[in-house]
Structures are given as C-alpha cells and as structure tokens.
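See below for the structure under consideration.
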Amino acid sequence: MTVRWGVIGTGGIAHSFVADCTAAGIDFVAVGSRTRESAEAFAAEHGIARAHGSYADLVADPDVDAVYVATPHSRHAEDALLAIAAGKHVLVEKAFTITAAEARRVVDAARRADVAVTEAMWTRFLPQMRMIRELVAEGRIGRPRLVEATHHQALPSDPRHRLNDPALGGGAILDLGVYPISFAVDVLGVPTAVTAAGTLSDQGVDTQMGLVLTHEGGAQSMIHFSLDLRSPNTASIIGEDGRIDLDDTWYTPTTWRLRDRDGTVLEEFDSREELAGYAHEARAFEAMVTSGTHEGGPMDPEETIAITAVMDEARRQVGVRYAADDDGSDAPVGRLTCAGGCAGDRSGLEAPPAVP
C-alpha cells in the first residue's frame, strides 16, 4: 500500500519536510493553506497535484491517507483534531501541542477514530539514535547516569515573529527545548522531577531556560536552550563505564563516539547523510499506517504527552503562560516533584485526562 500524503501549512518546516521526503520517494498528493494562492505556490514548487484553499478542504480530500501538520504550535491540536475527525492518520510537527491536556485530547481522539498519530520529532527516527539506544541497552557504557544536551540558536528577535508571540506558542521551549527534553526521556525515561530556571522576554516568552531533570534511580539530565544564542549544540550520555559524545549539531545526522570510562575512543561513527533525514520519520509513520499498529515505535504518543507535561511544568516554574493553559492544563498530572512547590495538585508527569 502506498500512503498518500497531504500537508497542512506552507511555512518553512513544511518546505523542508516535503522536499526531503519527496527526494526519498514519498508521495504527496495535496497541500492545504489558509489561502489558495499560498497552497498553489507550494504545490507548484514541490510538484504536488492539488492545492486546497482551506485546511478543511485538505482533510476532506478522498485521495489523502495521512496528513502532516506543519502549522504554528498554537494550531497543532485544532488541525490534528480536524484531520482525525476526517479519518486521516496524522503526523504532527513538534512540539506536538501547546499543553499536555491538548496532547491527551488529540491522542484519545486518534484512538477512538482508529488512526495513527505521532509527533514528528525527527531526531528519534534517525539511524544514529537507533544505534545509540542499542549501545546503551547492551551495557556498553554501563548504567547511564547523566544526559547533557544543549540547543541554542540565534533566531529572529522581531516581537511580531511567531517565535516571540505568546499567542502563537512562542519562546525557546516549544521550538528548541523539546529536542533535548525528548532526548533525555528517550535515554533515561520520563523524569520524576523537574527544576527549571529561565529568562523571559518583554513579550513574556522564554528566551533561555535551564532544566535539571531527575529520572528513576537518581539519573539526571542537564539541559539548556536559548533562542538568542549560538553554540555548537553537542550532547553526551554518560554512564558508569563510559560515555557517548555527539558532535554538533547533535539532533541532526552527525558524528559521534563511544568512549570508555577513561575517555579512550572505542568506536567512532559518522551518521551524516546526503538528505536531511526527515524521510526516516515519514517512512516509520507509513509503516504504522500500513501495518495497523498505530502506536509504539521511537515516538510513542504516551511519551509525547509526558514530554509535553515536562514542558508545562518547566514553563510554570519560569512564568511562561499560554492561552491554552486555561483549558484544562491545571488538572492533576501524576507523580512530579516540583521545585518550589506545585501549582494546585500538579504532582506528576502522567498527562491529564481528556477534556470534553
């Protein structure tokens, strides 16, 4: 079965995703935008047959099997639910949603509709991450005790840009922080405690943030991200008997090394590829669609919800608030120890139940 893709949104990430996936042979048959002109321009650039002047028309297209949602964060839940209601499988660009309550709502809707839904955290699907998971599982670095990762970029400072607009889910955490947070959860599991500190812009979004995550067994993650700095963006997984060091830019196909406890290089890897690497997540998602196994894999929906809950709590601690936080995000979320005390009964990282 060939999965036929539609795209919601025509921004920069949509261009990158479609160009990379098209080069890998993935079949895009339609694109939808808020204006027909934008959809037609995108379709012409990428050789897509049909352009729809609304998202509703895109999800109603009978030739579309799966939808890639590439709109701003603030629209992810709404657009994913629109596609799910039309019976489409949905790959939602990271960050999956604004809040864990929204994430739960989307995942539960997909389960009721019996369609696949996955966060497009493309790093999880890269071959290098499969290899790294195998090295850790084989005990090559002993028991992992620490993850260190950064994500710094110098991004537009215009207060009208979506990255700086709280109404559009602006700030560093949803665009940049989600990468190292997801990486830490991938390696060490969902944390049991979050401690966060950050700096806010005049618009009230985080320009930088540092997190210490505590995981089962006392393992920790040290994470920093910023939207107004540049750095090499490296990462390390440090175990009792060795470590894995990922070079810049660690969340893309890159070079990396396995070292013993003394720092001696045991193996070196070069995971750089000709293509950017988005096709790996698209192919994995297609396999979920065609096999009927709609969950699991490198980015399971329950883990996405837990990661979003981590970001909810980190934002709460530094004072970043979105409109979506008023829509059920103060519901209890499980077993989380909050630095400085939790808001209400926020005591864990299991996402809240679906909001009707």
Side-chain angles (χ1 to χ4, degrees), residues 6 8-9 32 54-56 58-60 66-121 124 166-171 173-175 177-178 181-182 185 190 285 288-289 293-297 299-316 320-336 342-356:
I8 289 180
S54 73
Y55 302 150
L58 182 280
V59 302
V67 170
Y68 169 59
V69 174
T71 49
H73 307 306
S74 55
R75 288 197 57 95
H76 282 183
E78 178 183 354
D79 295 335
L81 289 169
L82 181 72
I84 291 166
K88 310 301 184 184
H89 306 280
V90 189
L91 180 66
V92 184
E93 187 51 55
K94 58 80 199 158
F96 188 71
T97 55
I98 293 284
T99 67
E102 287 186 341
R104 171 59 70 192
R105 189 179 303 119
V106 171
V107 170
D108 286 350
R111 287 171 175 161
R112 289 192 298 269
D114 193 26
V115 297
V117 64
T118 298
E119 181 182 18
M121 174 48 71
R124 289 279 190 116
L168 297 178
I173 192 165
L174 294 183
D175 263 272
V178 65
I181 293 169
S182 185
V185 172
V190 176
F285 187 73
M288 293 172 64
V289 170
T293 304
H294 292 162
E295 299 190 20
M299 193 72 256
D300 184 78
E302 289 297 328
E303 200 160 85
T304 287
I305 295 169
I307 290 164
T308 312
V310 171
M311 295 192 292
D312 285 352
E313 177 55 28
R315 288 193 298 106
R316 186 197 69 80
V320 176
R321 190 164 184 85
Y322 300 132
D325 290 321
D326 296 324
D327 187 19
S329 64
D330 286 331
V333 291
R335 307 177 312 273
L336 175 61
C342 296
D345 189 25
R346 297 179 61 83
S347 56
L349 291 179
E350 296 173 3
V355 178

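The backbone N or O of Leu168 sits nowhere less than 3.5 Å from a side-chain atom of Tyr322 that would complete a donor-acceptor pair.
Partners of Glu295 according to the side chain to side chain contact (heavy atoms under 4.5 Å, CB included) rule, which considers only residues two or more places apart in sequence or in another chain, are Arg111, Asp300, Pro301. Remark: Tyr68 engages Glu93 in a side chain to side chain donor-acceptor pair (under 3.5 Å) (not counting sequence neighbours). With sequence neighbours left out, Ala80 forms a side chain to side chain contact (heavy atoms under 4.5 Å, CB included) with Val90, Val92, Val106. Residues satisfying the side chain to side chain donor-acceptor pair (under 3.5 Å) criterion with His89, sequence neighbours excluded, are absent altogether. For Thr97, the side chain to side chain donor-acceptor pair (under 3.5 Å) criterion is met by no residue, not counting sequence neighbours.
Considering every non-hydrogen atom in both Ala66 and Phe285, the closest pair reads CB-CE2, 4.0 Å. Here the closest heavy-atom approach between residue Leu82 and residue Ala56 is recorded as CD2-N, 3.9 Å. Of all heavy-atom pairs between Val59 and Ala83, the closest is CG1-CA, 3.7 Å. Listed here is the closest heavy atom pair of Thr99 and Arg315: CG2-NH2, 3.9 Å. Considering all non-hydrogen atoms of both residues, Val115 and Gly87 come closest at CG1-O, 3.7 Å. The two residues His73 and Gly169 come nearest to each other via the heavy atoms CD2-O, 3.5 Å.
None of Glu303, Arg124, Lys94 except one satisfies the side-chain contact (heavy atoms from CB on, under 4.5 Å) rule with Glu119; the exception is Lys94.
Contact check on Glu313 versus Arg316 returns a salt bridge, with a Lys/Arg side-chain nitrogen under 4.0 Å from an Asp/Glu carboxylate oxygen.
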Would Phe96 and Val178 count as a side chain to side chain contact (heavy atoms under 4.5 Å, CB included) here? Give the steps. CA-CA 10 Å; Phe96 188 71; Val178 65; over 6 Å; no
Between Leu91 and Met288, does a side chain to side chain contact (heavy atoms under 4.5 Å, CB included) hold up when you go through it step by step? CA-CA 11 Å; Leu91 180 66; Met288 293 172 64; over 6 Å; no
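Counting only residues at least two apart or in different chains, salt bridge (Lys or Arg N to Asp or Glu O under 4.0 Å) contacts with residues 69-82 comprise Arg75-Glu78, Arg75-Asp79.
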